[in-house]
S.K.: 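Below is a structure I'd like to ask you about.
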4 protein chains.
Amino acid sequence: MIIHSILGCIKDVAKPDKRKEILRAAVELIAEQGFHGAPMAMIAEKAGVAAGTIYCHFRSRDVLINELYLEIEERITAFLQDGYVVENTIRERFLHLVTGLLRYFIAHPLDFRYMEQFHNSPYGAAFRRDKCLGKSDNNIYMELFEQGVSQRVIQDLPLIVLAALTFGPLISIMRDHTLGFVTLDDRLIEKIAASCWEALRQ
Amino acid sequence: MIIHSILGCIKDVAKPDKRKEILRAAVELIAEQGFHGAPMAMIAEKAGVAAGTIYCHFRSRDVLINELYLEIEERITAFLQDGYVVENTIRERFLHLVTGLLRYFIAHPLDFRYMEQFHNSPYGAAFRRDKCLGKSDNNIYMELFEQGVSQRVIQDLPLIVLAALTFGPLISIMRDHTLGFVTLDDRLIEKIAASCWEALRQ
Amino acid sequence: MIIHSILGCIKDVAKPDKRKEILRAAVELIAEQGFHGAPMAMIAEKAGVAAGTIYCHFRSRDVLINELYLEIEERITAFLQDGYVVENTIRERFLHLVTGLLRYFIAHPLDFRYMEQFHNSPYGAAFRRDKCLGKSDNNIYMELFEQGVSQRVIQDLPLIVLAALTFGPLISIMRDHTLGFVTLDDRLIEKIAASCWEALRQ
Amino acid sequence: MIIHSILGCIKDVAKPDKRKEILRAAVELIAEQGFHGAPMAMIAEKAGVAAGTIYCHFRSRDVLINELYLEIEERITAFLQDGYVVENTIRERFLHLVTGLLRYFIAHPLDFRYMEQFHNSPYGAAFRRDKCLGKSDNNIYMELFEQGVSQRVIQDLPLIVLAALTFGPLISIMRDHTLGFVTLDDRLIEKIAASCWEALRQ
DNA sequence: AATGAATGAGCTTTCATTCAT
DNA sequence: GATGAATGAAAGCTCATTCAT
């Protein structure tokens with residue numbers, strides 16, 4: 001019994017929560033090699049667990065991949081909400097969100113690469129389909145766009161078009177950044193954010 | 001003699017050129033299901049040929065996929081060059097290219113979906129890497145951006161950022177269009193093109 | 001506790017160690033049908049395992065085939081070393097090795113057939129090439145030949161020629177034996193060994 | 001008609017007999033790469049004919065391979081019979097045959113490699129089986145062995161054993177020669193032939 | 001909860017052979 | 001006879017998932 005609890009303690013220090021390790025290994029591999037380059041056995045190895053162990057925490061590969069997506073999305077949302085002041089102007093808030101997103105992805109390139117892989121895959125397609133049916137896109141961005149349109153600050157275009165004008169460039173640029181084709185510094189980030197705003201504003 | 005020419009005619013109608021059939025089947029499947037959902041056997045079946053026949057025309061799966069990409073790229077380039085007037089202003093030419101691209105993809109949604117799948121896959125990555133090393137990006141867009149920058153009509157940003165500001169939104173919107181989330185009509189296309197211009201211009 | 005050990009016993013009898021089973025099935029098939037006649041699926045079936053299981057134990061077909069070769073070679077070496085007396089005359093030791101080899105192969109005809117298949121195949125060629133580069137042929141036979149030559153008991157010919165004069169006949173005869181064209185009994189084995197010695201001696 | 005015969009003449013000069021070309025290409029490829037490395041399409045290409053053309057001359061791959069074997073065997077027999085003097089002693093005739101065989105193979109290494117490939121393959125096995133059933137081994141060597149035994153010049157061993165004592169070493173040495181492990185010159189050839197005789201003689 | 005050997009469906013590719021021309 | 005595009009069976013190998021321990 002005593003031995004047990006001692007071992008328990010040791011383990012509490014040494015064992016960094018298998019579920020987290022699995023998720024960490026998965027982002028890394030999928031971000032770097034794509035879904036193809038990340039078979040379950042490899043994820044397990046990188047996570048330091050047995051292949052079967054993954055299935056103790058995730059019902060299937062699909063579940064793991066979707067769960068991973070949701071976790072990252074949550075982290076991003078949290079990051080963006082920090083410092084988001086509802087009282088600021090639409091433009092200020094827009095710039096906050098856009099520069100924030102770029103900064104988050106620059107700081108967490110694996111998260112960015114993962115999101116990309118996810119979106120451009122059957123997983124992403126299925127996800128979008130579900131989201132669409134549920135329609136519960138209570139997104140921080142969408143609210144902003146709606147307000148902007150109703151206040152005649154942003155062009156009167158379908159929300160989805162406004163989203164495309166905003167995120168399309170960001171994704172493209174981030175990709176170029178992760179591939180080393182540009183290096184985004186603060187000045188460039190702000191210029192890009194301003195350009196995106198120009199595309200939206202009335 | 002007569003029989004011959006009749007047979008010839010019949011063949012002209014009936015013989016569907018297997019190479020073309022294979023390419024057609026491949027775009028369709030890959031566009032709709034992704035690379036995963038398009039194994040060689042399925043492509044062959046959809047093309048109405050035997051599995052081995054594909055290898056009479058393409059050395060390997062990779063070659064088929066890359067060849068397909070090049071063919072589509074060529075078709076797009078040809079389409080955009082039609083009606084492109086070098087004497088027009090930068091803005092006019094920009095709008096021609098952007099609306100042209102949207103119109104092409106709306107008319108050929110499978111081509112769009114294929115390009116997307118390709119770019120977001122190891123194939124696309126390898127392709128980009130090669131292109132980068134060769135650096136021979138004698139692209140119609142890039143020339144226009146360079147001119148625009150040197151004439152102080154377009155903001156002085158890295159070309160790659162200008163490309164992102166242009167194509168990023170287009171890709172996003174096209175994706176939404178193919179998924180039925182918006183319907184792009186001529187009016188909307190022009191508004192979007194104009195917005196993209198606003199993001200670029202000085 | 002008791003149950004445990006009983007189960008242990010049963011397992012010792014019943015559990016046939018898949019790796020061994022695979023190797024056994026592989027020798028049998030390859031010896032009897034050649035490499036062509038031994039596809040992985042057939043080996044698996046004969047071993048009573050699933051096709052994929054082979055790859056749990058051997059990284060690839062090539063690895064399986066080479067490993068099998070090494071195992072057999074080891075068994076032969078062990079067999080020949082048993083009863084090999086360094087103090088005996090060159091001739092006595094030569095006869096020990098030659099008759100020993102024949103006896104081993106007669107007792108293990110599958111091993112003989114496998115070795116033959118292996119040597120006369122790309123595997124054998126690659127193997128020989130590697131061995132040659134490494135040159136570490138610390139072979140029991142070669143030592144004996146060297147001694148024999150330096151003591152003027154064996155003709156002064158290149159070692160490789162001495163090897164050919166020794167093993168060439170043995171292989172031919174063994175092949176005829178396995179095909180049922182001769183039956184090797186002890187008397188014949190000794191006569192053959194003596195003949196080989198006549199070919200070598202000064 | 002005239003045109004036809006002229007063309008015929010031209011062809012007789014230009015066209016080097018497709019059948020021969022196919023056989024030539026086949027030995028070369030099979031000798032150098034083994035049966036695996038010589039698919040029909042590759043043989044056809046090397047022969048400068050279409051894939052289907054091979055089937056105009058040989059009913060199947062197996063037929064081609066067996067025919068090729070017979071042709072080479074015939075050439076060897078012809079070569080050995082040249083200068084074979086029935087009046088000479090057994091020993092003299094034996095040395096003639098053995099050195100002759102070595103010399104033929106040294107001069108035609110592709111033939112040697114082909115024979116080896118053939119013998120160590122299902123083809124060779126089947127061939128031997130058939131030969132055995134037919135028993136029509138009216139071989140020049142076998143006659144000599146029989147004479148030698150009946151004249152008490154050669155040991156009284158089964159003919160097949162005598163054959164093994166003779167050809168076993170030759171094949172081994174030839175292999176080493178083609179692989180560049182020894183270089184056979186006239187002196188060495190004669191020494192080897194003499195050694196083989198020592199193994200046989202009473 | 002954790003393990004990892006085992007599974008077997010499914011993948012890409014090869015190649016002897018056929019047959020319309 | 002000659003062609004070569006087309007065939008399709010069969011090969012080696014991968015990998016998500018299971019399950020006895």
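Residue numbering restarts at 1 for every chain, and letters A, B, ... go by the order of the sequence lines. Heavy-atom basis, side chains included; hydrogens, waters and symmetry copies ignored.
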S.K.: Does a side-chain heavy-atom distance below 4.5 Å link D/F118 with D/Y114?
M.R.: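 With C-beta onward as the side chain, the pair touches.
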S.K.: Using side-chain contact (heavy atoms from CB on, under 4.5 Å) as the criterion, point out the one residue from B/V27, B/V49, B/D17 that pairs with B/I22.
M.R.: B/V49
S.K.: E/dC11 P sits how many Å from B/I43 CD1, rounded?
M.R.: 11 Å
S.K.: Suppose the criterion is salt bridge (Lys or Arg N to Asp or Glu O under 4.0 Å): which pairs have a residue in residues 36-46 of chain A, not counting sequence neighbours?
M.R.: A/E28-A/K46
S.K.: Would you call D/R24 and D/E21 a salt bridge, taking side-chain N to carboxylate O under 4.0 Å as the test?
M.R.: yes
S.K.: Could you state the NZ-P distance from C/K20 to E/dA6, rounded to the nearest angstrom?
M.R.: 14 Å
S.K.: Any salt bridge (Lys or Arg N to Asp or Glu O under 4.0 Å) pairs touching residues 52-62 of chain D, not counting sequence neighbours?
M.R.: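 The answer is none; no pair qualifies.
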S.K.: Enumerate the ring pair (Phe, Tyr, Trp, His ring centres under 6.0 Å) contacts for residues 42-65 of chain D, please, sequence neighbours excluded, ordered by first and then second residue.
M.R.: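 The answer is none; no pair qualifies.
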S.K.: For residues 32-43 of chain B, dump all side-chain donor-acceptor pairs below 3.5 Å to protein atoms at least two apart in sequence or in another chain.
M.R.:
none

S.K.: Can you tell me the distance, in whole Å, between the CZ atom of D/F58 and the P atom of F/dA2?
M.R.: 11 Å
S.K.: Quick check: D/H119 with D/Y69 (ring centres under 6.0 Å apart)?
M.R.: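 Between D/H119 and D/Y69, which both carry aromatic rings, the centre distance is below 6.0 Å.
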S.K.: Can you check the C/I22 CD1 to E/dA6 C1' distance for me, whole Å?
M.R.: 10 Å
S.K.: Figure out the CD1/P separation between D/I54 and F/dG1, and round it to whole Å.
M.R.: 14 Å
S.K.: Using whole Å, what does the distance between atom P of nucleotide E/dA16 and atom CD of D/E45 come to?
M.R.: 14 Å
S.K.: Assign a letter to each nucleotide of nucleotides 12-19 of chain F from its 5' end: B, base within under 4.0 Å of a protein heavy atom; S, sugar-phosphate only; -, no contact.
M.R.: SBBSSBB-
S.K.: Between atom CG in B/D17 and atom P in F/dA5, what is the gap in whole Å?
M.R.: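 Between P of F/dA5 and CG of B/D17: 12 Å.
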S.K.: What distance do B/Q117 atom CD and B/I65 atom CD1 have between them, rounded to the nearest 0.5 Å?
M.R.: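 Output value for this atom pair is 10.5 Å.
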S.K.: Could you check how far CZ of D/R19 sits from P of F/dA2, rounded to whole Å?
M.R.: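 In whole Å, F/dA2 P and D/R19 CZ are 12 Å from each other.
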S.K.: Within the pair D/K18 and F/dT3, is there a side-chain N or O less than 4.0 Å away from OP1 or OP2?
M.R.: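 True: D/K18 side-chain N/O within range (under 4.0 Å) of F/dT3 OP1/OP2.
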S.K.: Given Watson-Crick or G-U pairs with both distances under 3.5 Å, what dot-bracket string fits DNA chain E, with | for other-strand pairs and [ ] for crossing?
M.R.: .||||||||||||||||||||
